[in-house]
Amino acid sequence: MTDAHHPTPTTASAPAPAPGEGGFTHALREGVRPAWDRAVDHRFVRELHAGTIADDVMAGYLIQDHRFLDAFLQLIGGAIASADTPAARLRFATFAGEVAGDENTYFLRAFDALGVSESERESTPDTPATTGFLAIFREAAETSDYAAILAVLLVTEWLYWDWAQRAPRPLPTSFVHAEWIDLHDNPDFVEFVDFLRSELDRVGESSPQRARELFERTVDLENDFFDQSYGEEQHRERQHDEGQEARR
Ligand SMILES: Cc1ncc(C[n+]2csc(CCO)c2C)c(N)n1
């Protein structure tokens, strides 16, 4: 019998099963469950969802996050170069265009609304988490190992989707908060997370050790990144105080 619901099985072109329980990516996430849950329920996420996050915290977070986009593009470049099918390569190329487009205008509009000047952005040092992300993106890209690159990419997308889809509706009134949630929980984004999961479910067993190790380190970095946004708040407040001192 051959119909849409029961296609003839072939070994050459069997469609990948929908991502779900039992696959490689499911096991990866279960392996880091406590760290994953801590990230998606972080104080930063709860305050963002409630629309109560301090402007200084949001500003410090976005200054760091904007910086990591360049290295992120290198990682996508690594995926474009190492993908083992033309269809996957095309999907990553489209994604690279999206990252270089919409999100960049969000950052600039948000900096404007939060009163973050270009000189403040330039004079703010990288937090250790930002340095860690830049390094792991490069490290993964340089392996030219498709599974390793997918493991890092998947955390940055899947974990962000997971906290964003938990946001209560209606979204907060400030576009700075609402758009940041919506960017990570819209149909295109969900489709991309599913794509990454099916790809890694398909190729993950080829180098499970390296993929698992990179996945774990990236989840830890996501937690550090949220944690250190609150460190940045203190840093910015200090700078403001020093500015006031100087004017007295
Ligand atoms: C620390 C940190 N981790 C993950 C993301 C999510 N993310 C990074 S680049 C990108 C592509 C544009 O959609 C997305 C979704 C983030 N922004 N910041």
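Just follow the structure's listing: the first ligand is 1, and inside any ligand the first atom is 1. Since we're looking at a predicted model, the values are computed, not measured. Atom set for the values below is all heavy atoms of this structure, side chains included, hydrogens, waters and symmetry mates excluded.
Atoms of ligand 1 lying under 4.0 Å from any heavy atom of Phe225, numbered from 1 in the order shown and given with element: 1 (C). Here is the list of ligand 1 atoms found below 4.0 Å of a heavy atom in Val99: 11 (C), 12 (C). Those atoms of ligand 1 that come under 4.0 Å of a heavy atom in Glu157, given as number and element, are 7 (N), 10 (C), 11 (C), 14 (C), 15 (C). Each of the atoms 9 (S), 10 (C), 11 (C) of ligand 1 lies under 4.0 Å from some heavy atom of Phe72. Atoms of ligand 1 lying under 4.0 Å from any heavy atom of His184, numbered from 1 in the order shown and given with element: 6 (C), 15 (C).
We find that Arg217 and Glu213 are joined by a salt bridge, their nearest charged nitrogen and carboxylate oxygen being less than 4.0 Å apart. Between Arg38 and Asp220 no salt bridge is recorded (no basic side-chain N to carboxylate O distance below 4.0 Å).
Side chain to side chain, Glu199 and Tyr146 meet the donor-acceptor criterion of an N or O pair below 3.5 Å. In the model, Thr52 has no side-chain atom that pairs as donor or acceptor with a side-chain atom of Glu47 under 3.5 Å.
Using a 4.0 Å cut-off between heavy atoms, Thr156 contacts ligand 1 through both its backbone and its side chain. At a heavy-atom distance under 4.0 Å, only side-chain atoms of Trp180, from C-beta outward, approach ligand 1.
Using a 4.0 Å heavy-atom cutoff, Phe95 is listed among the residues neighbouring ligand 1. Residue-ligand proximity: Phe68 is placed with a non-hydrogen atom under 4.0 Å from ligand 1.
Counting heavy atoms of neighbouring residues, nucleotides and ligands inside a 6.0 Å radius, atom CD of Glu30 exceeds 12 of them.
Aromatic rings from Phe92 and Phe195 are positioned such that their centres are separated by under 6.0 Å.
Val152 is not listed as a side-chain neighbour of Phe215, based on a closest heavy-atom distance of 4.5 Å or more.
Any N or O atom pair closer than 3.5 Å counts here, and Tyr61 shares no such pair with ligand 1.
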